[in-house]
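Some notes on the structure that comes next.
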There are 2 protein chains.
Amino acid sequence: MATKKSTAATIYDVAERAGVSHQTVSRYLAGYEGIRPTTRERVAVALKELDYRPNLAARSLATSRSHRIAVLTGDLLAAGPSRTVQGVAEAARAAGYVVDIIGFDVDDPSSLTEVMDLIRSQDLAGVVALAVSDSMHDAISRLAIDAPLYLDSGPADLPGPVGQSFNAVGIQLALQHLIDLGHREIVHITGAMDYLAAKARVNGFEQLIRERGLRAHPVIEGDWTPRSGYAAVTSGQIDPAVTAIVAANDQIALGALRALDEAGVRCPVDMSVTGFDDIPEAEYYTPSLTTVRIDFQQQGTYIFNALMAQIRGDERPETGAFIKPQLVVRASTAPPS
Amino acid sequence: MATKKSTAATIYDVAERAGVSHQTVSRYLAGYEGIRPTTRERVAVALKELDYRPNLAARSLATSRSHRIAVLTGDLLAAGPSRTVQGVAEAARAAGYVVDIIGFDVDDPSSLTEVMDLIRSQDLAGVVALAVSDSMHDAISRLAIDAPLYLDSGPADLPGPVGQSFNAVGIQLALQHLIDLGHREIVHITGAMDYLAAKARVNGFEQLIRERGLRAHPVIEGDWTPRSGYAAVTSGQIDPAVTAIVAANDQIALGALRALDEAGVRCPVDMSVTGFDDIPEAEYYTPSLTTVRIDFQQQGTYIFNALMAQIRGDERPETGAFIKPQLVVRASTAPPS
DNA sequence: AGTCGGAATCTTTCCGGTAACAAAGTAGGT
DNA sequence: ACCTACTTTGTTACCGGAAAGATTCCGACT
């Protein structure tokens, strides 16, 4: 039966109740083996009776380590990042870590100064930076945070962070699907090009186009938003020969779908469209969107694990982690007519 | 010129450098007035030279108060809540608070036990619970958290939390718009009915229907998802006389739009549809969705302020805060034909 | 029985701040 | 110049844990 006390119980309270020293309680909590069973039992009982909860501030002060990680992100609003954050948060919680969300202004690198102060004040176990543009990438990597930092961005020509490993393969899944349907003239609408994810998708797209020996239509630059997908189609940049569009995410695909509809171009009869992410709404677009499903939950887990590996100081870069994208065929793709 | 030191500077380091006692430094940091200008200057210089950052764990331990709040939420994925969280996080950051995101399993009230432990270990300044269903509402309010708690849920018959004040007015904006267009047979597809937001929208809807003396079609129960909007239309629950649908959010509207399209019912010619939230995609649905825009940023600010008021122990419940919803007329509504 | 050594437990110190109290320093009034 | 009353600054204790060193306990062995 938990005793109601106005102030939270400390290890001293527990120790007194169990008739031992506070250090013994501390050892018990740390899982130390060498405690006599009778003593152990007394401590356990006292702990339960007082409904003891450790004070994390005190622990963190004493050890100068915490079980808290920060997620730095430019926008939580975008569907992808927000789900990734969710995934990281869940993985972190399962591992007994708490996640601080720290936002910064994507357009203002100087806002990082505040962020930096915040991070340095917090003794964090680690920091994850998600959805980071190139300019921010440099600013962040210069940040000289003393905690391990997992940066989900970087040059597109390197293998890249584990959290971004699926981009090329994913986009190729969509592209190959269109090729299999018989399409030969295919164009890509990109995400915001200062994001690694966008560049990786472009690279994946162009690589497969080359491998298959297809005509390389210049990509059309978008910025992840439906608006940019709409603009890409209405801007007249698309070669009339094109019969299929590979959008860098579902929102762009939505915008494109809408523009096609307004222009009287039927999807999928006259033009096929694929998305990326498989957000819950994608199935209900008109027509239902063929897209590539990403397991953001798993992505979050991988990212968290990668950070934990850094925290523990592991050397091996955990090569096995790869998020397997999955093609979801719905009604927005069909053979060219 | 900041001196590079391997370990972070403490107030003791600063004190030594400035030739004063650490307490004087502490006073300076606390903004205490009674410090001689010359001393003040020396401290300021030392502070800057050592690039001092306070250790929040130590401060929190000493004061048993922290500048950290937790946001408890069932799902970050849903568009509304995630944007609200974003808003709260931003308001909190502006006020110098850090936000911990704590997720729990909506379907498993026992997961709250863990959450509870987490919260109690963290010495938090306050807790915000968002997107809370009724069952969770009870579980959470029983949680006996010693920090101030802002619960964004509750009985639908009370005025309700400030964060939810816009529901009735917002839905009535949509409904009145349809009435103005000449619609008389209007049905509502609800959100998940164990959420305050869903109930408040239903109440607002039914109230205005009564006031205008219109036929009260029974509401069709949804769960915020596009799937449920789709199901509501295809299930045949809608009276053939109905000429307009008021959906509880944009996703539901999307599902409905899709079902109507498949059934060959033209929107807005044969059926008008309104959404709620104005997510960025809504404009690009087919047809472009008439909806009610909610300023989630502002909502987040209000919620944060409400929590801060509780933390400070203010009595007056800050009655002035109201998020003004805004009707956004697009192409999914038209006079009945 | 006396000793030795490891196991179990206790005591002290520290982490980096804040709070309360004590002690200087300073100025004004007589 | 002396005392009083503020001002300014310094000292010490404390928050709740963890780490390190000190101490007690206990059984095995001589």
Side-chain angles (χ1 to χ4, degrees), chain A residues 5-44 46-47 50-68 96 117 120-125 146, chain B residues 5-44 46-47 50-68 96 117 120-125 146:
Chain A
K5 291 197 59 171
S6 54
T7 92
T10 71
I11 51 169
Y12 293 90
D13 301 329
V14 174
E16 189 183 351
R17 177 148 195 142
V20 300
S21 80
H22 70 274
Q23 181 57 8
T24 301
V25 177
S26 178
R27 288 207 194 84
Y28 175 90
L29 293 170
Y32 179 69
E33 294 293 324
I35 303 178
R36 199 163 316 178
T38 57
T39 314
R40 174 178 294 276
E41 176 61 22
R42 289 220 309 286
V43 172
L47 236 25
L50 293 177
D51 192 23
Y52 169 82
R53 311 292 149 154
N55 178 319
L56 263 40
R59 180 174 291 173
S60 152
L61 179 58
T63 59
S64 59
R65 277 176 288 112
S66 73
H67 276 59
R68 168 175 301 121
D117 285 0
R120 295 226 284 149
S121 304
Q122 292 284 340
D123 50 23
L124 295 162
D146 42 7
Chain B
K5 292 198 56 172
S6 54
T7 89
T10 70
I11 52 170
Y12 291 89
D13 301 329
V14 174
E16 189 182 351
R17 177 145 193 145
V20 299
S21 78
H22 72 276
Q23 182 57 7
T24 301
V25 178
S26 177
R27 289 206 189 87
Y28 175 90
L29 293 169
Y32 177 68
E33 293 294 325
I35 303 179
R36 199 163 313 173
T38 58
T39 314
R40 172 179 296 275
E41 177 60 20
R42 291 221 308 286
V43 171
L47 236 25
L50 293 176
D51 193 22
Y52 169 82
R53 311 291 150 154
N55 178 319
L56 264 39
R59 181 173 291 173
S60 153
L61 178 57
T63 59
S64 60
R65 277 175 289 114
S66 73
H67 277 62
R68 170 174 299 121
D117 286 0
R120 294 227 285 151
S121 304
Q122 292 283 340
D123 50 21
L124 295 162
D146 41 8

Keeping the roles fixed (side chain from [X], backbone from [Y]), state whether a donor-acceptor pair exists under 3.5 Å.
X	Y	answer
Thr39(A)	Ile35(A)	no
Arg42(B)	Ala18(B)	yes
Arg40(B)	Glu33(B)	yes

* Asked: What parts of residues 22-30 of chain B reach DNA chain D, counting only heavy atoms under 4.0 Å away?
  -> His22(B), Gln23(B), Thr24(B), Arg27(B)
* Would you mind telling me which of dC15(D), dG17(C), dT9(C) lies closest to the side-chain atoms of Arg59(B)? => dG17(C)
* Structure fact -> Per atom distances to the Tyr12(B) side chain, the nearest of dG17(C), dC15(D), dC10(C) is dG17(C)
* Which whole-number value in Å describes the distance from Asn55(A) CG to dC14(D) C1'? -> 13 Å
* Structure fact -> Contacts of Thr63(B) and Thr38(B) projected onto DNA chain D by closest heavy atom; the upstream (5') one is Thr38(B)
* Asked: With nearest nucleotides of DNA chain D determined for Pro54(A) and Pro37(B) from heavy-atom distances, which residue corresponds to the more 5′ nucleotide?
  -> Pro37(B)
* Asked: Is a side-chain donor-acceptor pair under 3.5 Å present for Asp123(A) with Ser60(A)?
  -> yes
Considering every strand and a 4.0 Å limit on heavy-atom distances, what is the contact class for [X]: base, sugar-phosphate, or nothing?
X	answer
Ser64(B)	nothing
Arg65(A)	sugar-phosphate
Ile35(B)	sugar-phosphate
Thr39(A)	sugar-phosphate

* **Nearest atoms (heavy-atom pairs only) where Ala58(A) meets Leu61(B)** => CB-CD1, 3.7 Å
* Structure fact -> When Thr24(A), Leu50(A), Val20(A) are each screened for side chain to side chain contact (heavy atoms under 4.5 Å, CB included) with Val14(A), the one that passes is Leu50(A)
* Structure fact -> Of Gly34(A) and Ala62(B), the one whose closest nucleotide on DNA chain C sits nearer the 5' end is Gly34(A)
Give every pair of a protein N or O atom and an N or O atom of nucleotides 23-27 of chain C that lie under 3.5 Å apart, one pair per line with the distance.
none

